[in-house]
Visitor: 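Here you go, one structure.
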Amino acid sequence: MNSTSDELPARTLERIASQLGCSLTDEKLALYLDEQDELKHFQECFHIPKMKDLPLIDLSLVNKDEKSIYLLGNSLGLQPRKVKTYLEEEMEKWAKMGGYGHEIGKRPWITADERIAHLMENIVGAHKDEIALMNGLTVNLHLLLLSFFKPTPTRFKILLEDKAFPSDHYAIESQLQLRGLDVENSMLILKPRQGEDTLRMEDILEVIEKEGDSIAVIFFSGLHFYTGQLFDMPAITKAGQAKGCFVGFDLAHAVGNVELRLHDWGVDFACWCSYKYLNSGAGGLAGAFIHEKHAHTMKPALIGWFGHKLESRFHMDNNLDLIPGVNGYRLSNPPILLVCALEASLEIFNRTTMETLRKKSILLTGYMEYLIKHYYSKDNAAPNKPFVRIMTPSDIAHRGCQLTLTFSISMKSVFQELEKRGVICDKREPSGIRVAPVPLYNSFHDVYRFLNVLTSAVSSAKLK
Ligand SMILES: *Cc1c(COP(=O)(O)O)cnc(C)c1O
């Protein structure tokens with residue numbers, strides 16, 4: 001892409017538009033950016049839903065054979081075309097040779113998860129032995145907290161952000177209750193300042209400085225699911241550890257979206273799901289990370305046979321020889337069908353780098369931001385005309401690809417109008433519509449089309 005890495009996206013877009021002799025709102029710019037996009041061929045690796053197959057589409061408003069405008073990769077990534085092939089390979093192996101499949105074939109089932117762990121290394125910035133692919137995200141969070149949350153009479157709190165994802169909130173609440181702690185006193189929830197949507201880094205650091213001695217674990221999302229705010233993970237890690245806290249992250253919305261360096265940042269532990277930006281399908285195989293510095297000191301609280309070293313696992317003598325690090329936390333034999341889906345997606349990621357994806361992402365989301373502000377910011381909108389506010393930080397260092405939009409008119413009604421016109425995105429209570437142009441399979445022209453549809457949706461939406 002035609003941009004220097006430290007140039008702001010709006011500046012890059014202006015420069016290119018002026019070279020083309022067009023305005024930033026011109027379709028020509030979108031088409032040119034797509035033409036120049038070195039990642040554009042990745043679109044073909046995915047099934048992109050067509051207008052005619054969408055349940056709530058109004059076929060009088062769209063071309064039925066056209067591709068939908070899929071901006072929901074933050075919630076459920078699209079299906080890689082290879083998934084079906086890989087699933088069929090393992091189904092066939094199972095049909096033809098039954099239990100022999102555990103040990104032979106392209107993906108011996110016993111080690112299927114370990115076989116693909118290296119494909120996650122560059123995505124999360126960790127060594128293979130620091131990564132386990134297992135369970136669901138919330139399960140992994142519980143398993144990790146059982147080790148890393150070791151409350152004492154003076155250090156017993158868990159610090160998290162306000163309006164954390166419900167599952168994370170409940171997991172932490174129930175972990176506190178499990179240890180007989182009073183949730184009110186032990187769950188330290190950090191709220192944005194009055195009238196602000198997102199947290200300020202200075203406020204996060206101040207709480208850590210002030211309360212750190214009583215905090216056992218700091219657990220933040222890497223990127224907030226609702227606001228789209230990307231937290232400064234290395235700074236939070238450093239500040240927390242300086243106070244003697246363990247620091248962990250939920251990377252559900254960060255993984256496959258922004259660059260991560262879990263190992264180099266010294267993060268203690270992390271977990272993530274793989275069905276959002278990682279495209280592994282609903283309920284896909286989740287991930288967990290424990291830094292290698294803890295490999296021989298942190299032990300799982302709950303143990304199963306797949307935590308036992310492979311070389312003696314099947315001796316069945318019931319003398320545990322635990323795998324050091326996060327792979328000792330594995331409980332059960334890996335779900336081969338989930339491994340197939342994840343493998344198909346991770347292979348695509350490994351044909352490029354997170355750095356390259358992120359570079360496109362910054363420009364793609366910057367383009368969307370520019371167009372939304374151009375047509376809909378309160379300052380640009382005509383008096384009494386609806387306006388749109390972007391809640392997500394505009395600083396590229398503090399966001400990934402998602403933008404969260406709020407409207408001066410009924411959000412639900414705008415959302416319905418978008419659905420009728422083949423935009424797939426989601427609404428989240430209390431008032432946001434989340435849109436995520438994903439650099440792997442979204443184009444600049446998708447963003448351009450989205451803005452056209454938004455115009456027609458806003459003018460058809462009910463006022464309240
Ligand atoms: C998507 C998401 C989850 C979902 O948890 P599962 O265990 O995969 O159902 C949890 N936490 C966060 C922050 C999420 O974004």
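Computation of the quantities below employed the complete heavy-atom set of this structure, encompassing side-chain atoms and omitting hydrogens, waters and symmetry-equivalent molecules. Treat the numbers as computed from the prediction; the structure is a model and nothing was measured. Both counts, for ligands and for their atoms, begin at 1 and track the order of listing.
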Visitor: Does some side-chain heavy atom of H127 sit less than 4.5 Å from a side-chain heavy atom of H263?
Guide: yes

Visitor: Would you tell me which option among Y275, Y226, F165 has the nearest heavy-atom contact to atom 9 (O) of ligand 1?
Guide: Y275

Visitor: Evaluating non-hydrogen atoms only, which member of K276, H169, H224, H253 is closest to atom 1 (C) of ligand 1?
Guide: K276

Visitor: Is the H253 to H224 ring centre distance short of 6.0 Å?
Guide: no

Visitor: Can you pull out every salt bridge (Lys or Arg N to Asp or Glu O under 4.0 Å) where at least one residue sits in residues 127-140? Sequence neighbours excluded, please.
Guide: none

Visitor: If a pair satisfies salt bridge (Lys or Arg N to Asp or Glu O under 4.0 Å) and one of its residues is in residues 252-276, list it, with sequence neighbours excluded.
Guide: E259-R261, D268-K293

Visitor: Check each atom of ligand 1 against the heavy atoms of T138 and keep those under 4.0 Å away; list them by number with element.
Guide: 5 (O), 6 (P), 7 (O)

Visitor: Which residue in the set Y277, F46, F349 passes ring pair (Phe, Tyr, Trp, His ring centres under 6.0 Å) when paired with Y441?
Guide: F46

Visitor: Counting only heavy atoms, which portion of D168 has something under 4.0 Å from ligand 1: side chain, backbone, both, or neither?
Guide: side chain

Visitor: Run the numbers for me: atoms of ligand 1, each under 4.0 Å from some heavy atom of D250, listed by number.
Guide: 11 (N), 12 (C), 13 (C)

